[in-house]
Amino acid sequence: MLELNLFFHSVWLSIAIAVTDIPPPQSIAVIGAGIGGSAAAHFLRQQFGGDVRIDVYESEEVGGRLATASIDGQDYEVGATAIHPLNLYMKGFAQMLGLKELQLPNEVQAVYDGEEFVFEDSDWFIVNAIKLVWRYGFDYLRVKMWVERYLHRFMRIYQFQSGGYCFTTVERLLHAVGGDGLAQMTRHSIDEALQNVGIGQRFLNEMITPVLRLSSGQSVNINAFVGMISLLRADSDLWTVGGGNKLVCSGLLYAAKVNLIKGTVTSIHSKRRPQRNGEFVHLYEVNYTEGSVAGHNTYDLVILATALHPGKSPIRFHDPAQPISVHSSRYQEKVVTLVAGCLNASYFGQKHSEPFRPTAIATTAHAGSLILAASVAVPVTAEPDRQPPSCARVWRLLSPEPLAAAEVSRLVASPQAVREARWLAHPRYSPSDEASPFILHRHLYHLNAVEWAASTMEMMAISAKNTALLAHHRWYWQLEKVDQDTVAHGQKVEL
Ligand SMILES: Cc1cc2nc3c(=O)[nH]c(=O)nc-3n(C[C@H](O)[C@H](O)[C@H](O)COP(=O)(O)OP(=O)(O)OC[C@H]3O[C@@H](n4cnc5c(N)ncnc54)[C@H](O)[C@@H]3O)c2cc1C
Ligand SMILES: *[C@@H]1O[C@H](CO)[C@@H](O)[C@H](O)[C@H]1NC(C)=O
Ligand SMILES: *[C@@H]1O[C@H](CO)[C@@H](O)[C@H](O)[C@H]1NC(C)=O
């Protein structure tokens, strides 16, 4: 990797001397119209101006892992739902596009351990505080402080990016904004990190694990960075986009004036084309299929804005001169099932005589793997109903595998309507040293390399901005804002 970088550098320096006036790129391809690709189109338009042609390829629906399904004429999120109040890009996109921020109602949370609720929220804040301290000591506060400390460091990314700074790997990005402490987080587990700050096993099992199962479907052995990001899901003031989160994607694509091509990209070839002056231009040929029709276009720059799954109809990369090495990772399967009906209280160890209050149930590792979580789904169209109505509502069940009809009706008595969405949700996280590069080849970038550290809507937007800056600076040989690490160089980058 280092050798490759040095190689690029020396080749570039020699070209940089020869070429002083670099013409702008004429065309850019973005592959994938999820939040990553859509945000990339937006930031690329900002960086490269109005003249460059931007083609966005999408084989399925605009939005990708942001999607809704309809029950009784109401739409509900079946992919990504919650946005944190400190997710500044998502907030900015919603504002720019005139979309509404819909506050998610405060949930009545409960934690189920396979037999009963080991924790259940009270309506009274003070009662909750006493319960938490009684059961877990001050672990709750300690975890909150731990999350805030690292979140605060990570948020410096916005300053770096508004100053035009960008990074060639996720690891360098984390190191520049938060030093060793933040960069190290991807290398050890959240279990280790929290035990180091003195968090007890009971709190890890009954509070941390359930939140992680809910957000990543995994346990406390995920890396501490994604763990920290996941714990933000337990914060209040979360919101969702009125009309559905996917409207951000279609809105960004429209505002960036892209050409949307409904097709599946099958291969990307690096080509050298001789010019009249004897020099070569480098281009990428993108081949795609649109139904039974095959097409191809050439581009100066290509942004890959999709996860690369091993074995799953891969995109082929080819350069006769230099191999393009592509890192694919294993993804965690997750199924979201929407069910209208009353949750079976006795499944959760509750007696029928008691009123069933929880609106969000997380589970401990002992709860088995039928479901990871169950929560009341909020329609994307209306302000959520804050009154606890009758037991019948739309529940969102999260499970590692599809639920059989019998399993659904064991959880929700006489289910009215059922909608299912199956996802390859995010990488199987584990602490690891491998740093995924954003640069796959000369002017070919992989936005989703960031998912290896953590995968959320905001992380993809941050990666989109990083990729647009990287593509711009490398195109024009302005390398002074690439991989500047304030911490490593001991100098202050002007922000
Ligand atoms: C169930 C679930 C719940 C989640 N909850 C949250 C949450 O509450 N908050 C949060 O912030 N995040 C959440 N996430 C994570 C979030 O959804 C992802 O981080 C984010 O949507 C990833 O966006 P993306 O654009 O990178 O990828 P995707 O959305 O996967 O977009 C990639 C697009 O590329 C297209 N594509 C792939 N290959 C090709 C090809 N060869 N040619 C053309 N097109 C192609 C695909 O069809 C797809 O539309 C959740 C995810 C899941 C699955
Ligand atoms: C890409 O498309 C061009 C033109 O249709 C074709 O000549 C070429 O063989 C295709 N490449 C691949 C790898 O399919
Ligand atoms: C509700 O759950 C209990 C306990 O798991 C189970 O015995 C019962 O059959 C379930 N009810 C229905 C309607 O399936």
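We count ligands from 1, going down the list as the structure has it; atoms in each ligand are counted the same way. Nothing here was measured: the structure is a model prediction, and the numbers come from that model. Residues take their numbers from the sequence shown, with the count starting at 1.
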Would you call Glu120 and Arg357 a salt bridge, taking side-chain N to carboxylate O under 4.0 Å as the test?
yes
Where on Ser409 is there a heavy atom closer than 4.0 Å to ligand 3, on the side chain, on the backbone, on both, or on neither?
backbone
Could you tell me whether Glu115 atom CD has more than 12 heavy atoms of other residues or ligands within 6.0 Å of it?
no
Taking only non-hydrogen atoms of Arg410 and a 4.0 Å limit, the atoms of ligand 3 in range are 1 (C), 14 (O)
Aromatic ring pairing Phe43/Phe93, orientation class (parallel under 30°, perpendicular over 60°, tilted between):
tilted
Six-ring centre of Phe167, Arg172 cation under 6.0 angstrom, axis tolerance 45°:
no
May I have every N or O pair linking ligand 1 to the protein at under 3.5 Å, one per line with atom names and distance?
{"unit_1": "ligand 1", "atom_1": "8 (O)", "unit_2": "Thr81", "atom_2": "N", "d": "3.2"}
{"unit_1": "ligand 1", "atom_1": "8 (O)", "unit_2": "Ala82", "atom_2": "N", "d": "2.9"}
{"unit_1": "ligand 1", "atom_1": "8 (O)", "unit_2": "Arg233", "atom_2": "NH1", "d": "3.3"}
{"unit_1": "ligand 1", "atom_1": "9 (N)", "unit_2": "Ala82", "atom_2": "O", "d": "2.9"}
{"unit_1": "ligand 1", "atom_1": "11 (O)", "unit_2": "Met457", "atom_2": "N", "d": "2.9"}
{"unit_1": "ligand 1", "atom_1": "19 (O)", "unit_2": "Ser455", "atom_2": "OG", "d": "2.7"}
{"unit_1": "ligand 1", "atom_1": "19 (O)", "unit_2": "Thr456", "atom_2": "N", "d": "3.3"}
{"unit_1": "ligand 1", "atom_1": "25 (O)", "unit_2": "Ile35", "atom_2": "N", "d": "3.1"}
{"unit_1": "ligand 1", "atom_1": "25 (O)", "unit_2": "Gly36", "atom_2": "N", "d": "2.8"}
{"unit_1": "ligand 1", "atom_1": "26 (O)", "unit_2": "Asn448", "atom_2": "ND2", "d": "2.9"}
{"unit_1": "ligand 1", "atom_1": "27 (O)", "unit_2": "Arg65", "atom_2": "NH2", "d": "3.1"}
{"unit_1": "ligand 1", "atom_1": "29 (O)", "unit_2": "Arg65", "atom_2": "N", "d": "2.8"}
{"unit_1": "ligand 1", "atom_1": "30 (O)", "unit_2": "Arg65", "atom_2": "NE", "d": "2.8"}
{"unit_1": "ligand 1", "atom_1": "30 (O)", "unit_2": "Arg65", "atom_2": "NH2", "d": "3.2"}
{"unit_1": "ligand 1", "atom_1": "41 (N)", "unit_2": "Val265", "atom_2": "O", "d": "3.0"}
{"unit_1": "ligand 1", "atom_1": "42 (N)", "unit_2": "Val265", "atom_2": "N", "d": "2.9"}
{"unit_1": "ligand 1", "atom_1": "44 (N)", "unit_2": "Ser59", "atom_2": "N", "d": "3.2"}
{"unit_1": "ligand 1", "atom_1": "44 (N)", "unit_2": "Ser59", "atom_2": "OG", "d": "3.4"}
{"unit_1": "ligand 1", "atom_1": "47 (O)", "unit_2": "Glu58", "atom_2": "OE2", "d": "2.6"}
{"unit_1": "ligand 1", "atom_1": "49 (O)", "unit_2": "Glu58", "atom_2": "OE1", "d": "2.7"}
{"unit_1": "ligand 1", "atom_1": "49 (O)", "unit_2": "Glu58", "atom_2": "OE2", "d": "3.0"}

Are more than 12 heavy atoms from other residues, nucleotides or ligands located less than 6.0 Å from atom CZ of Arg330?
no
Under 4.0 Å from any heavy atom of Asn344, which atoms of ligand 3 are there?
1 (C), 2 (O), 3 (C), 8 (C), 10 (C), 11 (N), 12 (C)
Just say parallel, tilted or perpendicular for the rings of Tyr112 and Phe117, cut-offs at 30° and 60°.
perpendicular
Enclosure of Gln26 CD (heavy-atom neighbours >12, cutoff 6.0 Å)
no
For Asp55, which residues count as a salt bridge (charged side-chain N to carboxylate O under 4.0 Å, His left out) partner, sequence neighbours excluded?
Arg53
Salt bridge (charged side-chain N to carboxylate O under 4.0 Å, His left out): pairs with one or both residues in residues 447-470, sequence neighbours excluded
Arg65-Glu451
Name the one of Glu285, His318, His441, Arg442 that satisfies side-chain contact (heavy atoms from CB on, under 4.5 Å) with Ser270?
His441
Tell me whether the count of non-hydrogen atoms from other residues, nucleotides or ligands lying under 6.0 Å of OH in Tyr76 goes above 12.
yes
For ligand 2, protein residues within the heavy-atom limit of under 4.0 Å are Ser267, His269, Glu285, Asn287, His296, Arg316
